[in-house]
Amino acid sequence: LDETALRGAGLSTTKAQALLNVARLVVAGRLPLDDWLTGTPADEIRARLAVLRGIGPWTINYTLLRGFASMDGSLHGDAAVRRQLQALLGRADKIGADEAQAWLARFTPWRALAAAHLWAAQTP
């Protein structure tokens, strides 16, 4: 697909460009996702992804969780995680990313799972 088709599917320009960039790097062998499945440390994967334009902390941590079974990525920046944490704590004020990160830290090395449970427990 090209950028126009991705935009037509609902992706923003930035997301479409990031997706195309990642795809090109994979095809060129410069982003060896398959090789990373053989035990590449999460910190190395994180560092390689962090330099890519349009790939931020949430995308990296979610990729590590879903694609590489790394259970310690923190999804503290996710709005749904923060909203559910706010509900869990019975707070009227919004929970910021820094506070969510500090709260999730107690679940190391399972932070991503704790965040995923918060995410899945969203209330309407």
Side-chain angles (χ1 to χ4, degrees):
L1 298 175
D2 61 14
E3 185 178 330
T4 303
L6 292 172
R7 294 274 298 126
L11 272 67
S12 68
T13 299
T14 302
K15 287 179 183 174
Q17 290 172 350
L19 182 60
L20 289 170
N21 183 43
V22 167
R24 289 182 191 113
L25 291 171
V26 170
V27 169
R30 294 177 40 212
L31 197 60
L33 301 180
D34 288 338
D35 293 347
W36 291 352
L37 292 171
T38 60
T40 302
D43 286 340
E44 183 178 330
I45 296 171
R46 182 178 282 108
R48 293 280 303 272
L49 293 175
V51 299
L52 302 177
R53 184 169 189 217
I55 305 298
W58 185 93
T59 301
I60 292 168
N61 285 316
Y62 192 73
T63 298
L64 286 168
L65 171 64
R66 296 296 299 232
F68 300 98
S70 175
M71 304 300 157
D72 199 34
S74 179
L75 297 172
H76 61 277
D78 188 277
V81 168
R82 294 193 325 261
R83 276 193 307 271
Q84 192 58 28
L85 180 56
Q86 177 184 345
L88 177 70
L89 298 176
R91 298 257 303 269
D93 57 319
K94 291 184 178 184
I95 303 287
D98 290 343
E99 186 177 356
Q101 184 176 26
W103 189 88
L104 287 166
R106 72 181 78 190
F107 296 100
T108 300
W110 309 104
R111 291 179 298 172
L113 288 180
H117 281 288
L118 287 169
W119 195 20
Q122 292 182 66
T123 54

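Below, all heavy atoms of this structure are taken into account, side chains as well, without hydrogens, waters or symmetry copies. Along the sequence shown, residues are numbered consecutively beginning with 1.
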> Please walk me through it: do Leu37 and Phe68 pass side-chain contact (heavy atoms from CB on, under 4.5 Å)?
Replying inline: CA-CA 6 Å; Leu37 292 171; Phe68 300 98; 3.6 Å; yes
> Do Leu31 and Val22 pass the side-chain contact (heavy atoms from CB on, under 4.5 Å) test, and can you show the C-alpha distance, the side-chain angles, and the key distance before you say yes or no?
Replying inline: CA-CA 7 Å; Leu31 197 60; Val22 167; 3.8 Å; yes
>> Tell me the closest heavy-atom pair linking Glu3 and Ala16, and the distance in Å.
In response: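 Smallest interatomic distance, heavy atoms only, reads CG-CB, 4.0 Å.
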> What are the two closest non-hydrogen atoms of Arg111 and Ala105, and how far apart are they?
Replying inline: CD-CA, 4.0 Å
Would you mind reporting whether [Y] and [X] have side-chain heavy atoms less than 4.5 Å apart?
{"X": "Thr59", "Y": "Leu49", "answer": "no"}
{"X": "Arg46", "Y": "Asp43", "answer": "yes"}
{"X": "Lys94", "Y": "Arg82", "answer": "no"}
{"X": "Pro32", "Y": "Arg48", "answer": "yes"}

Please say yes or no: joined through hydrophobic side-chain contacts below 4.5 Å, possibly via intermediate residues, are [X] and [Y] part of one cluster?
{"X": "Leu6", "Y": "Ile55", "result": "no"}
{"X": "Leu113", "Y": "Leu88", "result": "yes"}
{"X": "Met71", "Y": "Leu118", "result": "yes"}
{"X": "Leu52", "Y": "Leu20", "result": "no"}
{"X": "Leu65", "Y": "Trp103", "result": "yes"}

> Where the side chain of Gln84 meets the backbone of Ala121, is there a donor-acceptor pair that is under 3.5 Å apart?
Replying inline: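 Side chain of Gln84 to backbone of Ala121, a donor-acceptor pair under 3.5 Å: yes, one is there.
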>> Once you measure the plane-to-plane angle for Tyr62 and Trp58, does it fall in the parallel (<30°), tilted (30-60°) or perpendicular (>60°) bin?
In response: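 Parallel, since the angle between the ring planes stays under 30°.
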> Within a reach of under 6.0 Å around CZ of Arg53, are more than 12 heavy atoms found that belong to other residues, nucleotides or ligands?
Replying inline: no
>> Within a 6.0 Å radius of atom CZ on Arg91, are there more than 12 heavy atoms belonging to other residues, nucleotides or ligands?
In response: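 Check passes, neighbour count above 12.
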>> Once rounded to the nearest 0.5 Å, what's the spacing between atom CD of Gln17 and atom CG of Leu19?
In response: 11.0 Å
